[in-house]
Structure formats: C-alpha cells, structure tokens
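Just below is one structure, and these are the notes that go with it.
Computed from a predicted model, the values in this text were never measured in an experiment.
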Amino acid sequence: LSKFFLLYNQTTLVTREIMQVDKLRNLIKHTKNLNILYVEDNLEVQTQTAKMLQSFFNEICIANNGRIALELFVNNNSYHILITDIKMPILDGLGFIEAIRKINKKIPIIVLSAHDNKDYFLKTINAGIDGYILKPYTLGQIANTLTHIIEKYEFDINKEIIELDFDFIWNKKQNQL
C-alpha cells in the first residue's frame, strides 16, 4: 500500500509539472509577439530579469529610470506591456506610471518591486496597474501575472500566428519562426 501511495504522489507531481509546462507554452504562444518596455535601475536585477523575459517576449526595451522610459514610450507606440520598478532615480516608478496613464489609460503595467510598503502598493493600484510582484520574484509569479493580463486584454495573436508541428510557431507579420 505504501508503494502505491509513493507511486501515486510521484505521478501526481509529474502530472502537475507537465501541466505547468503546458501552461507556460500556451502563455508564450500569446506573448511571443508582444513588445515590452522594462524599467529598472539596478543593473544586476535588470540583466537577470531581461534574460527571463526574453523567453516570453519578442522585443524588450530597457530603461534605467522613469524619465528615459517615458521618452521611449512617447517616441515608440509598439509596446504592449510595461514592467517597472518603483524606487528609481530621476523619475520613480510611481511618477512614470502616473505620466503613462495621462497618455494611455489602457496599456497593461506590472510593478516589480522590493518594496512592500503599503502606501506604494495603494498608490500604484490607484494609478491603474495590472500586477504588483515583490522581488525576489519567481517564474510562477511572472507567468501568473502575464496570464491574467493576456486574459484581461485579450491580445489577439491568431491573425499573425500559425502553429506548426513540434511546437513551432510561424509569425506571418515578421516572417519569422
């Protein structure tokens, strides 16, 4: 009987892991053609997070502070999602979010922050963010937040994407595999 439970637990664990991989693959199908603007002043965190985000997105534009990010956003309308830190020099994340909301009320915004200060959290919610993830974050937290955004904003990838065998995806717009 104990061997049965051990086998059952191992099978359940493997099944959950397969389900997680399938969820990630499905999420990536929806995000792979999206472009993001990522704002982070800490170079080490910036590099680590950008590497992880490359698995999800087509293009990642990086800014070191809110002022640079705001200039990039104003001069380039190809961003689908914004991801920002809160505590940054020159223009902090909250100021950046508030400025963005004056220009575009609908673009999804995710905050990645080490600050769990209640005031920051409430101010970002009032500014209209779509997710607040505390650092250090996990892949699961990022994936769950992105899944929520994809469902909420109904990003339509079907017009540009053709699913091929062996989990390959063809992007008709970019002529890219």
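- Thr138 places a side-chain N or O within 3.5 Å of a backbone atom of Gln141 that can act as its donor or acceptor partner.
- A donor-acceptor contact shorter than 3.5 Å is absent between the side chain of Asn35 and the backbone of His80.
- A salt bridge is absent between Glu40 and Lys87: the closest approach of a Lys/Arg side-chain nitrogen to an acidic carboxylate oxygen does not fall below 4.0 angstrom.
- At a threshold of 4.5 Å between non-hydrogen side-chain atoms, the residues Ile83 and Ile109 do not count as touching.
- For the pair Asn126 (side chain) and Leu122 (backbone), a donor-acceptor distance under 3.5 Å is present.
- Ile107 has its side chain out of reach of Ile81: every pair of non-hydrogen atoms, C-beta onward, lies at least 4.5 Å apart.
- Listed for the Arg101 side chain is no donor-acceptor partner under 3.5 Å among the backbone atoms of Ile129.
- Side-chain N or O atoms of Thr84 include none that pairs as donor or acceptor with a backbone N or O of Gly93 at under 3.5 Å.
- In this structure, Phe96 and Ile86 have side chains that are not in contact, with every pair of non-hydrogen atoms separated by 4.5 Å or more.
- Looking only at distances, no side-chain donor or acceptor of Asn76 sits under 3.5 Å from a matching main-chain atom of Leu72.
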If you apply the rule side chain to side chain donor-acceptor pair (under 3.5 Å), what do you find for Asn64 with Gln46, and how did you get there? CA-CA 9 Å; Asn64 295 326; Gln46 187 186 93; 2.8 Å; yes
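- At least one donor-acceptor pair closer than 3.5 Å links the side chain of Thr124 to the backbone N or O of Phe121.
- Taking the charged nitrogens against the carboxylate oxygens, Glu71 and Arg67 do have a contact shorter than 4.0 Å, which makes a salt bridge.
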